[in-house]
Amino acid sequence: MKAIRLSRKVHKWFALVLGIQLFLWALSGFYMVVVNIDIIHGDMLVQNMDRNVGSYSQVGIPLEQVADQYPDSSNITLTAVVERPAYLIDGPTTRLLDANTGALMSPISKDIAAQIATYHYAGDGVVSRIQLLETDPPTELQSTALPLWRVDFDDVWNSSFYINPNTGQFTTRRHSLWRVFDFLWMLHVMDYDTRDDINNNILRIFSVFGTLFGLSGVWLLFYSFNRRRKVGTAK
Amino acid sequence: MIFIRKLHKWLTLLIGAQLIVWLVTGTIISLIDQTEVSGDKTRQSLSNQKSADPLRVFFPSHQLSIGPELIHSIALTKILQRPVYRIEQSGETTLFDATTGNELRIDKRLAEAIARNSYRGDGEIANSELIALGSDEVRDFAGPIWRVNIDDDLATRVYVSPRDGQVLAHRNSRWKVVDFLLMLHFMDYAREDSFNNWQIIIVGFGTLWIAISGVLLVLFSFGRSDFLWLPGFRSGGTKVSSKVGSENNEEQSYDLDSTLSYYSSLSQHGVKLSSNCDGSGSCGLCKVQYASDPPADTAVDREWINAPDLADGFRLGCQHKPCSNDVIVIPDMAFQQSLQSAAVVSSQWLTPLLKEICIRTDTPIQFRPGDHLEFQIPSFNVDIDQLGIPSECVNVWRELELSERLVHTVTDTVARTYSIAVAPNGEASSDLRFTVRFAPPPDGLDVQPGIGSSYMCSLQAGDQVMFRGPGGDFLLHDSDREKILIGGGAGMAPLKSMAVHLLSNLQWEGKLRFWYGARNQQEILYRDSFDKLAAEHQNFEWQVALSDAHDDKSWTGKRGFIHESIFDNLLKHHESLGNCEFYVCGPPMMLAATREMLSKLGVAESLIRFDDFGN
């Protein structure tokens, strides 16, 4: 009878100290499992993701000519930007070249960025804002290098498409459910800074004590369902 | 609250195992260094892998034998030092040596070289193999895959795609552990690399409710008393000045803690209102009377105090906090600081669970019929075998499934009130009796038996008891109206005192009825003495109804619950109900049912007095 009191007390005080985080774990965890990850990734917002460079023989400038022209490049890829063949040149500087005319396309303009974004956009909104991000990445772009064109659409998802001005590539997309996911993920792993360090000490401390709390719950549960032991009054 | 606690408890029983799995796996994953798990610690960054040589081409690209499938990209790149063409088409990737134009295959030697180039730890390649069916360590890559094993501490293996020579993954023994833990954390038993499976959604939904109910439980299960250990908290509340007095104690100003109830704040000043529930609102004893401007009554007030008394400013002390300039009147007994003592003369079991305790007070006391004494409950530790339970009752006790000992350790002063079961005898008496029903824990509830009744039932001749009192407000009206006493179980005590006082002491000639409910014949208290009283006094009616004696053929009297029996047999046809007054005492259910019955009959509340069982 003493132990049940103690178990209840331990559980209650643990809950007072850890309660908010435990609640946030349950809440953020539930969101993450219940909203399909493909939706979080925004698969429903995009189209034309399979690039098609058409027939190589019809491309105006062959690969090796580009290699000669840019001898410091490490990697030259013939790809397609809005259905037009283009060369993506990796090297000390990254460039985008029109594969038919050889003209330098990068850095791409605001209008081209909007074109690329719209080409890949499968939603029913229209472009509401375009801006070039060069410094101070927003929280939703923690791990992505700048500069990037941000193209916002006025749909219910508050979609934002990010286009790399040097490569013309559709780098990534963000939308409301993603942003909620990211915020809840931050709460879940308790890394309020970069949101990707799951080895941070706050999380470690809370998870260790959270586990002890869970075990105190098991202890309490044992008493809550265990009926009083039968002890006869007569021997 | 009970529902929330039940929800919390049952859901946890159902899915608690997974909660522990989540906590344990989550903890371990956060404790394991992620840069080891990902292999990044020993993985060469891509920029360091590139060779500085220019891309030199000898084989013209338009002579490459490219298949007819849709082309996604054609790249001129390098594998290690060698320039290659990489052609990505739907469903496949083809490599051509840019020097010779020959298709380039990723053979064992090349795969190992690629792996070595991607690795920067202190291990060396031990061996490698082409796994034809793919690896369950790189689940998103189907088909044959090169696995290059490195002999470092973590048994790193580098996976290389035979299609295009790309390094697909670095894996190691840490990764293996975390991969398993993540499978448990995501409940991804089918290994779909997904945490959107139905089983986790169901358990997650349950967990959300455990969390919500848990937050509510935390909010409700903490009170001031939990924080008294904090410095400054004990005396921390704001003080207000209230005037408090009683019939025989002049009003006096007290600086009371306005964050506590009257019951608790007065007790800090040594003024102790009676309570059997320590101020939790379930005994109705701590009545106080506001001289003016009483606060709005609470549901608990209304449960224990009838409408006329509420209108007179009566409230429960545990329900209201002191306000400045309150003037309240409390019972005399609350001011009694010193305890009186008495010796137990005898104690005997009248029924299997009901004990009669006779005491002799050191100094005679004056009391009114219906009054109670308040006994101090000291620490005790008694073997149930020492309670003197008659052998024929042992079975009843065994069914209670109690612990072997009744134990109580005093942490705070605890007192319980018991009604005096004898009539006053002249000016003052010292021989008093009490009927105490042992209170086993309610079925299914894991709590101790009532400490008051445990203590009282453990008393034996020669024991010393300490008490305050007498006091109480369950008193006879001074009137000629017909008096109807309705009692149940141990609620006999004050009613017996009243009946005997009226008949034997006062020789009262008005109509007096005593209807008593018991479960069976064995439990009819003081049957003989009431039978005798009824025979001697024409104006006294004594009726018993048994509620649990269907098989008892020897019982010819009334059956059923006492409130139903008295309604059917007496009150329904009673011609002058308006001229009757009622005195009700019994266990909570009986009390509630009887009060409801009387209220339905339209009996004025001012003519009903009641006392909770055991008070």
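Lettering of chains follows the sequences in order, A, B, ..., and the numbering in each one begins at 1.
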Exactly one of D90(A), I76(A), N75(A), T77(A) clears side-chain contact (heavy atoms from CB on, under 4.5 Å) with T77(B), and that residue is N75(A)
List the steps and the verdict of side-chain contact (heavy atoms from CB on, under 4.5 Å) for M32(A) and F186(B). CA-CA 10 Å; M32(A) 292 191 274; F186(B) 295 159; over 6 Å; no
[X] portion near chain B, given a 4.5 angstrom heavy-atom threshold:
| X | answer |
| --- | --- |
| V218(A) | side chain |
| N52(A) | both |
| S57(A) | neither |
| L88(A) | neither |

For each of I212(B), L208(B), V215(B), I28(B), tally heavy-atom pairs with chain A at distances under 4.5 Å, and name the one with the top tally. L208(B)
Which one of V24(B), D33(B), I210(B) has the most heavy-atom pairs closer than 4.5 Å to chain A? D33(B)
Minimum-distance pair of heavy atoms, taken over all atoms of [X] and [Y]:
| X | Y | answer |
| --- | --- | --- |
| F23(A) | A211(B) | CD1-CB, 3.7 Å |
| H188(A) | H185(B) | NE2-NE2, 4.5 Å |
| V34(A) | I201(B) | CG2-CG2, 3.9 Å |
| L221(A) | K9(B) | CD1-O, 3.6 Å |
| A67(A) | L76(B) | CB-CD2, 3.9 Å |
| L203(A) | S30(B) | CD2-CB, 3.7 Å |

Would a distance-only check, ignoring hydrogens and angles, find a side-chain to backbone donor-acceptor pair under 3.5 Å from N199(A) to Q34(B)? yes
S73(B) side chain vs T79(A) backbone, donor-acceptor pair below 3.5 Å: no
What is the distance from atom [atom1] of [X] to atom [atom2] of [Y], rounded to the nearest 0.5 Å?
| X | Y | atom1 | atom2 | result |
| --- | --- | --- | --- | --- |
| L78(A) | R86(B) | CG | CZ | 12.5 Å |
| E64(A) | H62(B) | CD | NE2 | 7.5 Å |
| T12(B) | L220(A) | OG1 | CG | 9.0 Å |
| T27(B) | I205(A) | OG1 | CD1 | 12.0 Å |
| L16(A) | L217(B) | CG | CG | 13.0 Å |

Which atoms of [X] come close to chain A, meaning under 4.5 Å heavy atom to heavy atom: side chain ones, backbone ones, both, or neither?
| X | answer |
| --- | --- |
| V218(B) | side chain |
| I29(B) | both |
| L19(B) | neither |
| I71(B) | both |
| P60(B) | both |
| I32(B) | backbone |

Would you sort out whether L23(B) and L22(A) count as a side-chain contact (heavy atoms from CB on, under 4.5 Å), showing the intermediate values? CA-CA 10 Å; L23(B) 287 164; L22(A) 288 157; 4.3 Å; yes
If you count heavy atoms of other groups shown closer than 6.0 angstrom to [atom1] of [X], is the number above 12?
| X | atom1 | value |
| --- | --- | --- |
| W209(B) | CH2 | no |
| F380(B) | CZ | yes |
| F59(B) | CZ | yes |
| Y56(A) | OH | yes |

Most chain B-contacting option - heavy-atom pairs closer than 4.5 Å, from [options]:
| options | value |
| --- | --- |
| L215(A), V66(A), D72(A), T211(A) | T211(A) |
| V189(A), D38(A), D50(A) | D50(A) |
| I37(A), I20(A), L24(A) | I37(A) |
| S73(A), P71(A), G29(A) | S73(A) |
| V53(A), N201(A), V35(A) | V53(A) |

Using the ring of each side chain (for Trp, its six-membered ring), is F181(A) parallel, tilted or perpendicular to F195(B), with breaks at 30° and 60°? parallel
Student check: side-chain heavy atoms of T207(B) and W25(A) closer than 4.5 Å: no
